[in-house]
There are 2 protein chains.
Amino acid sequence: MLNMSISTVSRALKDHPDISKETKEKVRELAEILEYEPNTYAINLRTNNSKEFGVIVPAISNYFYHSFISSLEEEVRRYGYSLIILQSVDDPEIELENLKRCKQSRVAGIFVSITSKTEDIKPFLKVEDQDIPIIFFDKVPAFEACNKVCVADSLATQLAVEALITKKKKKILALFGDINLSISNKRLAAFEKEMAKMGSTISYTIDFANSAKAASLAFTKALEESKPDAVFCMSDEILTGVMKVIQKLAIKIPNDLSIVAISDGFIPQLYFPEIAYAETSGFKLGKLAFSRMMTCMAGNSFVQELTIDSVLINGGSI
Amino acid sequence: MLNMSISTVSRALKDHPDISKETKEKVRELAEILEYEPNTYAINLRTNNSKEFGVIVPAISNYFYHSFISSLEEEVRRYGYSLIILQSVDDPEIELENLKRCKQSRVAGIFVSITSKTEDIKPFLKVEDQDIPIIFFDKVPAFEACNKVCVADSLATQLAVEALITKKKKKILALFGDINLSISNKRLAAFEKEMAKMGSTISYTIDFANSAKAASLAFTKALEESKPDAVFCMSDEILTGVMKVIQKLAIKIPNDLSIVAISDGFIPQLYFPEIAYAETSGFKLGKLAFSRMMTCMAGNSFVQELTIDSVLINGGSI
DNA sequence: ATGAAAGCGCTAACAA
DNA sequence: TTGTTAGCGCTTTCAT
């Protein structure tokens, strides 16, 4: 319509320095009028990349992941990217399918939190070989040579325990999640290290629960048996189980019992008094994961494991 | 490598009836060995469609949306589709950008829950004109001629109120969300309709709160002023605000006060006793939205508004 | 400053 | 049953 070649138009539209001002103006005007939209499929084909990242998580409806995803989405949007969300429903097979989908969609990069049963991470490494960077977050493989961003399990545990110690608690009940999850073990190890520091001045009991209900049960039992003066809850799931019993028995917090948790903060502030917690923020982790991805995509980067800080958020529960 | 043309390979790979068994076999074998992956960009360009849906929500980190998204993802995955997630952070401008992104990515269809400030839905209708079906869900425009799937606001409200009436409650405090939100108004209207049915046998107070904190305040005030024997909470947000005060004042549920809410169920079961609620399931809405999308894509369908049922889930709170 | 032309990897109509 | 070919809409090199 403007009597110029396709290449001129293409260049004009992307503000190429070779094109004269007047031409650019004309092209832009007509594009506006015609409501021209570049065909993303063609661009992707031609440039062999797309402005999309894949995100593979065990489940979106999780205390932690949706805040991670939300924060990540905010970040990538600024850079013109979008997020393709895939759930593995904690099934390694579906996880593998999802990975394949990402590969086939030729996403620019993949964020993945592995399932609790994922054993073989070779498929992930293979995708990386094809120049699709992978950032593992939260639930990361033990394997060394991959990019990971994690919450500070040890630090968070330490902060939570220290808060209890400061308040001179003597009999701590520590409740952890599924014993098979690496996160449980990391936090358990950190907990025991803190206890070791204190020597025999503090006694403690440890139990595991793989659901809120199990946590309620474990807590109820411990209440009778070990009569703790403080409870350490490894996760929101554990905390909700404990808090339900506390409401049921009308236990006075913090007079009868102190509570401290590790959480991203949503659940703790539902209660009165609000529960003190060591923060593990999905929000912050999202930002970190993104910046790590950008570095990887730039290409000049070593594989490494990054950790976000944790802080203790005070509540009236200790 | 196999001494055959590209088209033969293409057809063999997609099990075209014209191709002989042996050829297919050979092609598949070699494809396996070579780890051939079809180039999605090229397919999209050629076929002019992609196996992706856009999802535009005010925020992922919301009581309701992440369960909707989670359920929708499960569903679309079965059909080989993926979900592109875009947040509008309740900003109509960003919402518009997101819509544009979807259009440019030429998604197969869009699921959208509009922001509380979205006034102009013409841009959405325009996208529909380009044969990208749009399913509005949850927060839908008042405009008639578009496809909507919603939770049953009236029914849920009715069920919740009926539960209170059955228990002979006489002084109901009804707490609603942001007065500007259509959802608040729908539920309010339904509530008043139920009250009208009862004539003067029941007295009630109505208040609005646009945050959990505001709900706490409104509830505290009402407690002193109107001394209700039951509280109706329009949403999880309201419920959490109310429950915090209840814990603070150690109010006995249901002896001192009955509580009923409208919720998808996660929050109500955090408390003891568990809170009775009329269910508005993001999970079910996801399934419905998807099936509606498929119908629209098939092309033979009228514009319509669909609603998912609600049921009362009993708790110990009434 | 602009144009011509090749080609990204695939599909499908048509030919053989 | 298989091959030839055009073309999807764009980017980019090379020529002018």
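Chain identifiers are assigned alphabetically (A, B, ...) following the order of the sequence lines, protein sequences preceding nucleic acid strands; residue numbering begins at 1 within each chain.
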So, is B:T47 close to the C:dC10 phosphate, meaning a side-chain N or O under 4.0 Å from OP1 or OP2?
-> no
If the plane angle is over 60° it's perpendicular, under 30° parallel, otherwise tilted; pick one for B:F136 and B:F124.
-> perpendicular
Before accepting this row, confirm whether a basic side-chain N of the pair A:K126/B:E35 lies closer than 4.0 Å to the acidic partner's carboxylate O.
-> yes
Look at all strands and tell whether A:I43 reaches a base, only sugar-phosphate, or nothing, counting heavy atoms closer than 4.0 Å.
-> sugar-phosphate
Here the distance between atom P of D:dG3 and atom CD1 of B:I6, to the nearest Å, is 11 Å
What would the secondary structure line of DNA chain C be in dot-bracket form, counting Watson-Crick and G-U wobble pairs under 3.5 Å, with [ ] for pairs that cross earlier ones and | for pairs with another strand?
-> ||||||||||||||||
Just checking B:N39: base, sugar-phosphate only, or nothing, at a heavy-atom cut-off of under 4.0 Å?
-> sugar-phosphate
Does a side-chain N or O from A:S20 land closer than 4.0 Å to OP1 or OP2 of C:dT2, or not?
-> yes
Comparing nearest nucleotides in DNA chain C, the 5'-proximal residue of the pair B:A42, B:S7 is B:A42
Could you give the CG-to-C1' distance, from A:N49 to C:dG9, as a whole number of Å?
-> 15 Å
By side-chain contact (heavy atoms from CB on, under 4.5 Å) - contacts of A:T307 (at least two apart) = A:A152
Check each of B:Y81, B:F283, B:Y79 against B:F290 using the ring-ring contact (aromatic ring centres under 6.0 Å, His included) test, and report the only one that passes.
-> B:Y79
Let me know the distance between CD of B:Q104 and C1' of D:dG9, rounded to the nearest Å.
-> 14 Å
Pairing of B:R77 and B:E73 as salt bridge, 4.0 angstrom limit | yes
Chi angles and distances behind the side-chain hydrogen bond (donor to acceptor under 3.5 Å, both in side chains) call for B:T115, B:T118 = CA-CA 5 Å; B:T115 78; B:T118 304; 2.7 Å; yes
C:dC10 P sits how many Å from B:E37 CD, rounded?
-> 11 Å
Integer-rounded Å distance: D:dT1 P and B:K21 NZ | 12 Å
For the base of D:dT1, is there a side-chain donor-acceptor partner from B:T8 under 3.5 Å away?
-> no
Protein-nucleotide distance (A:M4, atom CE; C:dG3, atom C1'), rounded to Å | 12 Å
B:S116 and B:D90 side chains, donor-acceptor separation under 3.5 Å | yes
Send over the distance from B:L45 CG to D:dA6 P, rounded to a whole Å.
-> 18 Å
Within less than 4.0 Å of OP1 or OP2 of D:dC10, is there a side-chain N or O belonging to A:Y36?
-> yes
Between D:dT5 (P) and B:R11 (CZ): distance, integer Å | 14 Å
